[in-house]
Amino acid sequence: MGADRAVAAAGHGLGSAMAWSPRVINAIGWKLRTGAPWRDLPERYGAWKTAHERLRIWTADGTWERILDEVVVKDDAVGNAEWSFSIDSGSVRAHQHSAGARKKGDAPPNRRRLTWSPPQRVECAAAARSFLGIPDERDPGGHMNTTERNRGPAGEEPVVPAPVTERQPTLLDQMGGPMGFVYSAVPVVVFVAANSFLSLPSTIIVSIAVGMAITGYRLLRGERFSLAAGGLLGLAVAIGVVTLTGSARDFFVIGIWAYLAGFVVALGSVLARRPLSGVVWNLVHGGTHAWRADRRVLRAHDVATLAAAAVFGARFGVQQWLYVSDETGWLGVARIAMGWPLTILAALVVVWAFRRSSTRLLPSA
């Protein structure tokens, strides 16, 4: 309707590009209305390449803007037109005055035509092709290429899907998960129980069999070999000591002295003003942070390292007393009761110190 008259009024701009034809306008309207590929253009509209080329050129040189100006001024001034805008599959209807039509008694508007530079026109043409699904010269078959499919409705840069990040293993996962407590407790329970009813050689055989069965089960569940075989290695060392000494209580002796060593190292690092948890945190984050210069960070690592020292010291004190008293059964109870529960408690304090250090010393934390 008004579009034909508007094109005729803007003929000076069209004539500079190529001859105007109502059939071309109708072809462009059919394409935009149906959204079909250019190659599906009906024959009554002529060659699809001609319509596609003229739409591309008129989009780049501002012809469509002049057509809109002409329609708004000459059609809407009558007062009987309503404009319907379609934006990304949504429809918005506006009264003619909202679209810029002149009201009765108003002075003719002072229209100023926007001037676009050649790069801006090229960008506008690319945005129109992306929004409308119009192929460019490299793909005249009516199909968008991969880049255009990923563009937004206004021709933004291709949308790159965010990389899928794998869930980082938690501290509990690294210690074997909730079942890690069970896996570590079963060999101790089996050894103590078997020692109460069987001879020492039979106890050793039963303990090794149970340890191998647990390791095989963990491997079948897909656990890391180092995590699954670690428990079997510790059991083998303890059984080896028992075999050499001939005493069932020596099943716990290596763990007892390991607790003493951990207590000495942790307490010594605090006394030297280099708490062990702070040293580990600094190494994990590049080893370049002056963490000891921050009093709050140093105090947090003092608390965390002292918590670890307290756990080691308590385990050594209780289990060494039971070892001297030759209480093998109670040694097993103490090993289980003071094992993972105290480890998790100390680990929580260390995690708190790590987070406090990261918050104060890392810019991105």
Q.
Taking the side chain as everything from C-beta on, heavy atoms only, tell me whether Ile25 gets closer than 4.5 Å to Trp58.
A. yes
Q) Atom OG1 of Thr215 and atom CG of Leu235: how far apart are they, to the nearest 0.5 Å? A) 8.0 Å
**Q.** Pair Thr343-Arg315, side-chain donor/acceptor within less than 3.5 Å
**A.** yes
Output side-chain donor-acceptor pairs under 3.5 Å for residues 282-290, partner residues at least two apart or in another chain, one line each.
residue : atom : partner : partner atom : Å
Asn282  : OD1  : His289  : N            : 3.1
His285  : ND1  : Trp281  : O            : 2.9
His285  : ND1  : Trp281  : NE1          : 3.3
His289  : NE2  : His285  : O            : 3.3

Q) Roughly how far apart are Arg218 CZ and Ile214 CD1, rounded to 0.5 Å? A) 8.5 Å
**Q.** Short N-O contact, Asp294 and Arg299, less than 4.0 angstrom
**A.** no
Q. Can you check side-chain contact (heavy atoms from CB on, under 4.5 Å) on Val311 and Leu345, steps first, answer last?
A. CA-CA 9 Å; Val311 170; Leu345 181 61; 5.9 Å; no
Q) Which heavy-atom pair separates Ala300 from Ala353 by the least distance, and what is that distance? A) O-CB, 3.7 Å
Q | Sub-4.5 Å side-chain heavy-atom contact between Asp250 and Tyr323 | A | yes
**Q.** His301 side chain reached by Val297 side chain, heavy atoms, under 4.5 Å
**A.** yes
Q) When rounded to the nearest 0.5 angstrom, what distance separates CD in Gln320 from OG in Ser325? A) 9.5 Å
Q) Which other residues end up in the same hydrophobic cluster as Leu220, if Ile, Leu, Val, Met, Phe, Trp and Tyr are linked when side-chain heavy atoms come under 4.5 Å apart? A) none
(Q) Between Phe251 and Phe191, is the ring centroid distance below 6.0 Å? (A) yes
(Q) If I take atom NE2 from residue His52 and atom CG from residue Leu41, how far apart are they, to the nearest 0.5 angstrom? (A) 12.0 Å
Q | Cluster link Leu342 to Leu306, ILVMFWY, side chain under 4.5 Å | A | yes
(Q) For Ile256 and Leu260: C-alpha separation, side-chain torsions, deciding distance, then whether side-chain contact (heavy atoms from CB on, under 4.5 Å) applies. (A) CA-CA 7 Å; Ile256 293 174; Leu260 177 61; over 6 Å; no
Q: Measure the spacing between CZ of Phe316 and CE of Met338 and express it to the nearest 0.5 Å.
A: 12.0 Å
Q) Any idea which heavy atoms bring Arg292 and Leu298 closest together, and the distance? A) O-CD2, 3.9 Å
**Q.** Full working for side-chain contact (heavy atoms from CB on, under 4.5 Å) between Thr328 and Asp326
**A.** CA-CA 6 Å; Thr328 304; Asp326 199 12; 4.0 Å; yes
Q) For the hydrophobic clusters of this structure (ILVMFWY residues joined by side-chain heavy atoms under 4.5 Å, transitively), does one cluster hold both Ile239 and Val241? A) yes
**Q.** Side-chain heavy-atom pair Leu322, Phe252 within 4.5 angstrom cut-off
**A.** no
Q) CG/Leu361 to CZ/Arg356 distance, rounded to the nearest 0.5 angstrom? A) 10.5 Å
Q | Considering all heavy atoms, the nearest Ala309-Phe263 contact | A | O-CD1, 3.1 Å
Q) What do you reckon, is CH2 of Trp352 surrounded by more than 12 foreign heavy atoms closer than 6.0 Å? A) yes
Q | hydrophobic_cluster_shared for Leu219 and Met212, side chain cutoff 4.5 Å | A | no
Q. Hey, what else clusters with Val265 if you join Ile, Leu, Val, Met, Phe, Trp, Tyr whenever side-chain heavy atoms sit under 4.5 Å?
A. Leu276
Q. Just by distance, do the side chain of Arg274 and the backbone of Val279 share a donor-acceptor pair under 3.5 Å?
A. no
Q: Go through Leu331 and Glu327 one step at a time and tell me if the side-chain contact (heavy atoms from CB on, under 4.5 Å) criterion holds.
A: CA-CA 6 Å; Leu331 272 173; Glu327 297 287 347; 5.5 Å; no
Q) Closest approach of Ser247 and Leu200, non-hydrogen atoms and distance? A) N-CD2, 4.3 Å
Q: Please check if Leu244 and Ile205 belong to a single hydrophobic cluster, counting links between Ile, Leu, Val, Met, Phe, Trp and Tyr side chain heavy atoms closer than 4.5 Å.
A: no
Q.
Tell me the closest heavy-atom pair linking Ala334 and Val318, and the distance in Å.
A. CB-CG1, 4.3 Å
Q) Do Trp321 and Val188 sit in the same hydrophobic cluster, where Ile, Leu, Val, Met, Phe, Trp and Tyr count as joined when their side-chain heavy atoms come under 4.5 Å apart? A) yes
(Q) Please give me the minimum heavy-atom distance between Ala248 and Asn195, naming the atom from each residue. (A) CB-OD1, 3.6 Å
Q: Mark yes or no for whether Thr305, through its side chain, and Ala266, through its backbone, hold a donor-acceptor pair below 3.5 Å.
A: no
Q. Would Lys31 and Asp40 satisfy salt bridge (Lys or Arg N to Asp or Glu O under 4.0 Å), going step by step from the backbone distance to the final call?
A. CA-CA 9 Å; Lys31 160 65 180 176; Asp40 295 341; over 6 Å; no
